[in-house]
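Just below is one structure, and these are the notes that go with it.
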Amino acid sequence: MGLADDIRSAVTTVAGADWNIRKGNVVPTTESITLKNGAVELDAVYLYADMADSTGLARDFPKTTAAKVIRCYLDATCRVIKAKGGEIRSFDGDRVMAIFIGSNKNTAAAECGLMINHAVSQIVRPVVEAKLPSLVTKGWELKHCVGVASGTALVVRGGVRGDDDSDLVSVGRAPNVAAKLSDVREGPYRSYVTAEVFDSLNEKVKYSRGDEPKLMWNGPVKHQVGGEMLSVYRSTWWRQP
């Protein structure tokens, strides 16, 4: 059988079979979803954390320098996500995707975004600039953005056969919106959440600490996401992990 026939057979099998969908109360792993059109329906909050200007980093610096910066960014981001109870399920170059579930999922994900901002701006950036001074010399500055959205998604396996080529894919509005929001490059704002997420936040994540708490989010403002105008809230604030 040639490659074209192999592709046609595999696609026909997938497209022609009914989904075997079950409700999920934990974030699925690759092993917990079957390749035979298994799927998990998940009520979750999706968080995407994306490092800005990786193109300029790769273009203007040695690969070894770029790799160190990206690894430092991802390492710090993943540590914060795990500390806040998020489950990491995907990497795409310098971007990481995490899933939060449970009764506190909106607050946990939004606070995670604020903590990532602290980690990146107050810890990672000073360290990489001190260890890699060419970044400062050439004017490249580590920046990022976090997008957070909530909703129901269908989690499926991305591969056709075998575990080695099978990654989890989340299909739904929430992961798509969160990914698009993490691409926003707008002034000093580093965290974006949908209005649905904001409305579900605990007061401790809406307002700063101290004797005179201040609202840490600006909005709602309108953003076009995938051809749809959405109400979102954005923040320049950080919270120390």
Side-chain angles (χ1 to χ4, degrees), residues 24 26-33 35 39-40 42 44-59 61-101 105 108-121 123-125 127-128 132 140 142-151 153-160 162-185 190-193 226 241:
V26 297
V27 180
T29 62
T30 302
E31 294 75 19
S32 67
I33 301 179
L35 270 172
V40 174
L42 204 62
V45 173
Y46 281 80
L47 178 149
Y48 276 81
D50 188 14
M51 192 183 82
D53 195 24
S54 58
T55 299
L57 181 66
R59 181 191 63 230
F61 297 89
K63 292 188 290 293
T64 51
T65 298
K68 285 182 178 181
V69 174
I70 293 172
R71 184 176 178 185
C72 287
Y73 171 76
L74 291 176
D75 182 274
T77 300
C78 290
R79 289 178 187 273
V80 175
I81 290 170
K82 290 179 180 179
K84 293 305 297 178
E87 296 281 349
I88 297 167
R89 286 296 180 268
S90 178
F91 290 94
D92 180 12
D94 58 6
R95 182 163 69 174
V96 58
M97 181 269 277
I99 303 174
F100 293 78
I101 62 173
K105 57 185 181 292
E111 188 170 35
C112 183
L114 300 179
M115 288 183 173
I116 289 173
N117 191 21
H118 181 279
V120 172
S121 63
I123 302 174
V124 181
R125 184 193 301 159
V127 170
V128 297
L132 304 168
W140 191 90
L142 176 59
K143 296 180 181 179
H144 78 289
C145 188
V146 169
V148 179
S150 64
L154 200 63
V155 185
V156 301
R157 292 273 288 274
V160 175
D163 290 336
D164 291 341
D165 63 357
S166 298
D167 196 7
L168 294 182
V169 178
S170 291
V171 182
R173 182 172 178 268
N176 183 264
V177 169
K180 294 294 192 296
L181 289 178
S182 74
D183 286 335
V184 177
R185 305 287 183 257
R190 297 292 177 261
S191 301
Y192 288 80
V193 302

Out of curiosity, Ser54 OG to Arg59 CZ, how far, rounded to the nearest 0.5 Å?
10.5 Å
Tell me the closest heavy-atom pair linking Tyr192 and Cys145, and the distance in Å.
CD1-SG, 3.5 Å
With a 4.5 Å limit on heavy-atom distance, are the side chains of Cys78 and Tyr73 in contact?
no
Option from Val169, Ile33, Asp167 for which side chain to side chain contact (heavy atoms under 4.5 Å, CB included) with Arg157 holds
Ile33
So how far is it from Glu111 CD to Lys84 NZ, rounded to the nearest 0.5 Å?
3.5 Å
Which heavy atom of Leu168 sits nearest to which heavy atom of Pro28, and what is that distance?
CD1-O, 3.3 Å
Euclidean distance, Arg190 CZ relative to Leu114 CG, rounded to 0.5 Å
13.0 Å
One pair to check against side-chain contact (heavy atoms from CB on, under 4.5 Å): Thr77 and Met51. What are the steps and the verdict?
CA-CA 10 Å; Thr77 300; Met51 192 183 82; over 6 Å; no
Do the non-hydrogen side-chain atoms of Leu154 and Val40 ever get within less than 4.5 Å of each other?
no
In terms of relative ring orientation, are Phe61 and Trp140 parallel, tilted or perpendicular, with 30° and 60° separating the classes?
perpendicular
Looking only at heavy atoms, the pair that brings Ala39 and Val156 closest together is CB-CG1, 3.6 Å
Do Ile116 and His144 touch side chain to side chain, with heavy atoms closer than 4.5 Å?
yes
Hey, what do you get for CG (Leu57) to OG1 (Thr65), rounding to the nearest 0.5 Å?
8.0 Å
Scanning both residues in full, the closest heavy-atom pair of Ala174 with Ala149 reads O-CB, 3.5 Å
If you apply the rule side-chain contact (heavy atoms from CB on, under 4.5 Å), what do you find for Ile99 with Leu42, and how did you get there?
CA-CA 10 Å; Ile99 303 174; Leu42 204 62; 3.9 Å; yes
Examine distances only and state if a side-chain atom of Asp92 and a backbone atom of Arg95 form a donor-acceptor pair shorter than 3.5 Å.
no
The reported gap from CD1 in Ile88 to CZ in Arg79 (rounded to nearest 0.5 angstrom) is 10.5 Å
Kindly compute the distance separating OH (Tyr46) from CD1 (Ile101), expressed to the nearest 0.5 Å.
10.0 Å
Should the pair Asp50-Lys143 be classified as a salt bridge under the 4.0 Å nitrogen-to-oxygen rule?
no
So, Lys68 and Asp75, do they make that salt bridge, N to O below 4.0 Å?
no
Would you call Leu142 and Val120 a side-chain contact if the rule is heavy atoms closer than 4.5 Å?
yes
Min side-chain heavy-atom separation Ser170-Arg89 under 4.5 Å
no
Any heavy-atom pair between the side chains of Leu47 and Met97 that's under 4.5 Å?
no
State, yes or no, whether a side-chain contact exists between Leu181 and Val148 at a heavy-atom distance under 4.5 Å.
no
How about Phe100 and Cys112: do any of their side-chain heavy atoms sit closer than 4.5 Å?
yes
